[in-house]
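Some notes on the structure that comes next.
When a ligand or atom number is given, it counts from 1 through the structure's own listing order.
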Amino acid sequence: MRLFTATLATETNTFSPIPTSIENYREGVFYRPGEHPTDAPRMCTAPLMVGRARAAKEGFELIEGSCFACSPSGTTNRADYETMRDEILDQLRKALPVDGLLLGLHGAMVAHGYDDVEGDIIERARAIVGAKCVIGVELDPHCHLTGKRVSNADIIVLYKEFPHTDVVERAEDVLDLVLATLRGKVKPVTSVYDCRQIQSYPTTIQPMRGLVDRIKAMEGKDGILSVSIAHCFPYADVAELGTRVLVIADGDKKKADVLATKLGEELVSLRGKTASPSLPVAAGVSEGVAFNDLPVVIADPADNAGGGAPSDNTDILLHLIEHKVENACLGPVWDPIAVRFCFDAGLGAKFGLRFGGKVAPTSGVPVDAMVEVIGLKRDASQSFGPTQVSVGDCAAVRVGGVDVVLISNRTQATGLELFTNLGIDPAQKKIVVVKSTNHFMAAYGPIAKKVIYVESSGPLRRDHRKVPYTKVQRPIWPLDPDAKPRGLIS
Ligand SMILES: [Zn+2]
């Protein structure tokens, strides 16, 4: 038995001012066959790692293709996408005959000329491998679960957790189902329900926590092989954006239809009820300062690099400085030039630095301040569940009572190392501001005595009615308040 694996992934915010080229992938995940590190999966490469670990035991040969992935930002350069895609497809052609594919994709990648990148990849792969090959795909729940993908893949499994702490477990699920299908033990049939809504669904809080736990308990019983909820990725202007439910049953399409409909209707009943409310910056900071324990974690989801934002909005930082808030830390602020200046100035230096507020109108104004360089680290990284995320060279500067982490490789706050790398202990801070929507909860949730969401003027508007969509199919809630679910679409 021969299985081929490859990864081509990013999450594209088509409204982001930061273009994406092959250079971003080179700085992120860029491994040719055999080059992937052995320690841990990188973004979207869990299928390769799981395939490697199980090939010998399970009696299959794993043929490794290239793995390309980068942090979320704007639309990927067309020629660069085609170059990376065609490299993988050429490897697949050379690997023939193959019995199965394990594709680690994201699900919300857009390239110029390709609104449905994953659909394009899976469709071209199908044309190469033929109808009998079992195509298994792992996707992020912040994806556009398009008809083209569903009709060309046999098995699609999405991460269930947000924060995405289960990327390895779900890759195991993809491999389990691909192998069971190839061995004739199961016959996967898929149903998809379209809820016609745009919403955020953190699974660390109710009601999603309970729903995810119930879904997990359904799998492997009564002919249900897999259940996935495509949350949607709200910051893309593509036709098939929106929340969808995908159920894979064993040979019984009716059963898949019934469960997808039941879960889809439940999600429709949860419109407006799955995410924490956001406070204005001043109100959120005041509430944090008034709280009588520490640390209070304040999230800035509107400037989350994980959704394609620049991560250099200064609203909250300026508020902390102006109101002389003490014992606070904030990060990450993406500003490679300011990091360079801090290294040039040296540890302990006090100097005038301009940082943040640079990339776009949604970045706010730059901070001009006398800073003290309190930490410097080259080529640093932070953890995100089982994976490692590079932050590049980074620096910490103290401005009044606020320690600010500046980074060179744009990414959101996921691990405590973002601060501890530079000698800042977030557990001992009164206020910890993180630029992230919900992934921070995996590491910061356990230390936080309180979590507050505030709405800065960053580009990821939590009120999706303010996102300037032109291509998204209508009606859709909340843009169209009365949008009815479309129901089963496959
Ligand atoms: Zn995601």
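- Figure legend: R26 and F30 shown as a cation-pi pair, the cationic atom lying under 6.0 angstrom from the six-membered ring centre and within 45 degrees of its axis.
- Of the candidates V174, V157, L145, L145 is the only one forming a side chain to side chain contact (heavy atoms under 4.5 Å, CB included) with L139.
- Inside a sphere of radius 2.8 Å centred on the Zn ion (ligand 1), the protein N/O/S atoms present are D140 OD1, D140 OD2, H142 ND1, H164 NE2.
- One finds a salt bridge joining D115 and K471 here, because a Lys/Arg side-chain nitrogen approaches an Asp/Glu carboxylate oxygen to under 4.0 Å.
- Checked against the 6.0 Å centroid threshold, H164 and F162 count as a close aromatic pair.
- Between E87 and R32, at least one side-chain nitrogen of the basic residue sits less than 4.0 Å from a carboxylate oxygen of the acidic one, meeting the salt-bridge criterion.
- Under the ring pair (Phe, Tyr, Trp, His ring centres under 6.0 Å) criterion, H144 pairs with no residue, sequence neighbours left out.
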